[in-house]
2 protein chains.
Amino acid sequence: MSDDTKALVRSTALRLFRERGYAATTMRAIAQEAGVATGNAYYHFASKDHLVQELYLDVTREHAVAARAVLAQGGDLTARLRGVMLAGVDAFAEYHAFGAEFVTVAIRPGSAASPFSTESGASRELSQDVFRELVEGASPAVPTGLREELPELLWLAQLGVTLFWVYDGSPDQRRTRTLVEGIAPLIGRLVRLSRLPVLRGAADDVLALVRAVRS
Amino acid sequence: MSDDTKALVRSTALRLFRERGYAATTMRAIAQEAGVATGNAYYHFASKDHLVQELYLDVTREHAVAARAVLAQGGDLTARLRGVMLAGVDAFAEYHAFGAEFVTVAIRPGSAASPFSTESGASRELSQDVFRELVEGASPAVPTGLREELPELLWLAQLGVTLFWVYDGSPDQRRTRTLVEGIAPLIGRLVRLSRLPVLRGAADDVLALVRAVRS
DNA sequence: ATGTTCAGTTGAACGTGTTCAACTGAACGC
DNA sequence: GCGTTCAGTTGAACACGTTCAACTGAACAT
């Protein structure tokens with residue numbers, strides 16, 4: 001049946017991606033391993049990028065589950081951000097050997113696997129929801145002025161951390177973990193300070209900039 | 001002569017990149033247009049990425065010249081940062097249609113064209129020197145604690161702005177310019193505030209983080 | 001003159017992602 | 001039964017980046 005074939009191609013592709021990475025996994029190998037013709041894989045998935053996109057969806061789902069477990073424990077913004085970001089590093093760890101390749105594919109603006117693409121909508125929503133929960137459930141509560149924009153900013157920060165992770169050659173991605181350990185309290189502190197008169201202006205500028213740039 | 005051939009391949013490639021973009025410029029087309037065999041192009045340049053790298057070097061040089069003209073006018077950190085970044089947007093503007101492709105190539109960690117690669121050393125040094133001048137020549141002077149790390153941070157910020165620029169579909173890259181107009185005074189303000197007791201801790205954290213993460 | 005070397009050059013060949021005209025067979029209408 | 005349709009499937013074909021064994025010819029040694 002068609003649906004079976006599609007699922008078979010999908011799972012075969014994901015397995016090979018995990019085993020061999022992106023470049024070393026050829027469309028011919030995927031098709032052969034799945035027992036179908038190359039053209040058939042293309043009937044079900046428009047391109048190799050669309051298959052990678054499926055991998056992202058898997059990983060994002062894993063991360064969302066792990067992140068929700070962290071968020072269930074409560075905590076302040078710093079603790080929650082730290083937990084969610086570290087859960088991300090853990091969820092991605094399995095793929096670090098090929099992470100560079102995959103992020104490369106993801107960052108290509110035209111790519112289906114780009115975090116900003118229409119095709120990635122599902123992963124993106126899933127991931128942004130986690131950050132929304134992160135912000136909304138934090139106690140003490142995040143200042144109201146920031147509550148609306150912060151989730152998206154944190155999601156972007158997570159993308160930045162992931163970009164750093166790609167280039168991180170240290171064992172077990174220690175440097176990325178160090179970055180997270182440093183950046184979470186830093187963001188937490190800045191959010192707290194944003195209510196102070198001296199920083200009020202800067203905070204407003206950030207928000208105004210985000211809004212101006214988005215439209 | 002060999003050097004002539006190399007220069008010819010180089011200039012032909014750069015012309016075609018400018019005219020057609022990265023993907024649409026094939027190695028065969030470069031070779032044919034230059035009147036040499038395909039293999040000959042590979043004798044002089046290890047890969048297509050290495051040819052793109054030559055384009056980056058050109059653009060970086062243009063940007064450095066424009067940036068130095070801006071810096072010669074003096075000014076405070078905000079004005080200088082704004083000027084240098086806007087000069088960057090202008091220098092890159094010609095390539096915006098294909099910018100996405102090129103940055104994609106650049107960001108691939110293994111790529112010769114990556115801003116962090118050994119091969120890009122020349123462009124990187126050139127560009128980082130500009131930001132060092134930017135910081136050192138600013139008046140009022142940048143706080144001593146920041147003076148050492150800030151140039152590299154600003155260089156990274158420029159990379160971030162460039163990444164944004166890639167995705168910026170607005171006419172004349174208005175949104176990127178808005179981003180620069182907003183982010184320059186923001187950075188300027190934060191640097192000024194970093195001396196205040198309330199922010200002193202956060203500023204130290206940022207520097208400690210940068211150093212911890214770099215090693 | 002003749003032989004030797006080797007940087008420079010050639011173009012066919014390889015494996016890749018992707019396309020596409022052709023084929024298959026189950027489902028459906030009559 | 002029979003014809004028609006079309007989602008699903010096939011594998012050869014295309015253009016690409018890249019490799020490489022073979023060739024060229026100027027420079028030099030004998």
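In what follows, chains are A, B, ... by sequence order, proteins preceding strands, each numbered from 1.
With sequence neighbours left out, A:Arg10 forms a salt bridge (charged side-chain N to carboxylate O under 4.0 Å, His left out) with A:Glu54, A:Asp58. Listed by chain and residue number, A:Glu19, A:Glu33 satisfy the salt bridge (charged side-chain N to carboxylate O under 4.0 Å, His left out) test with A:Arg15 (two or more places apart in sequence, or in another chain). Checked against ring-ring contact (aromatic ring centres under 6.0 Å, His included), B:His50 has no partners two or more places apart in sequence or in another chain. Residues satisfying the side chain to side chain donor-acceptor pair (under 3.5 Å) criterion with B:Thr25, sequence neighbours excluded, are absent altogether. In terms of the salt bridge (charged side-chain N to carboxylate O under 4.0 Å, His left out) criterion, residue partners of A:Arg211 (sequence neighbours excluded) are, by chain and number, A:Glu149. Listed by chain and number, the residues in a ring-ring contact (aromatic ring centres under 6.0 Å, His included) with B:Phe164 amount to none (sequence neighbours excluded). In terms of the ring-ring contact (aromatic ring centres under 6.0 Å, His included) criterion, B:Phe98 has no residue partners (sequence neighbours excluded). For A:Trp155, the ring-ring contact (aromatic ring centres under 6.0 Å, His included) partners at least two apart in sequence or on another chain are A:Phe116.
At whole-Å resolution of the value, CE in B:Met27 and P in C:dA13 are 20 Å apart. When rounded to the nearest whole Å, the span between CG of B:Asp3 and P of C:dA7 equals 14 Å. Rounding to whole angstrom units, CD of residue A:Gln32 and P of C:dT16 are separated by 11 Å.
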What N/O pairs connect the protein and nucleotides 13-15 of chain D at under 3.5 Å? Give each pair on its own line.
residue: D:dA13; atom: N6; partner: A:Arg28; partner atom: NH2; Å: 3.4

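Looking only at atom types and distance, the side chain of A:Ser120 has no donor-acceptor partner in the side chain of A:Ser123 under 3.5 Å away.
Residue pairs meeting the side chain to side chain donor-acceptor pair (under 3.5 Å) criterion with at least one member in residues 64-86 of chain B, sequence neighbours excluded, are B:Arg68-B:Glu133, B:Arg82-B:Glu181.
The 5' end of DNA chain C is approached more closely, in terms of each residue's nearest nucleotide, by B:Ala37 than by the other of B:Ala37 and A:Ala24.
In this structure, A:Lys48 forms no cation-pi arrangement with A:Phe17, as its terminal cationic atom is not both closer than 6.0 Å to the ring centre and no more than 45° off the ring axis.
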Its contact letters, B for base, S for sugar-phosphate only and - for none at protein heavy atoms under 4.0 Å, make nucleotides 22-27 of chain C read ------
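Within residues 41-57 of chain B, the residues that have a heavy atom under 4.0 Å from DNA chain D are, in order of number, B:Tyr42, B:Ser47, B:Lys48.
Dashed line: the shortest gap from a side-chain N or O of A:Asn40 to OP1 or OP2 of D:dT10 is under 4.0 Å.
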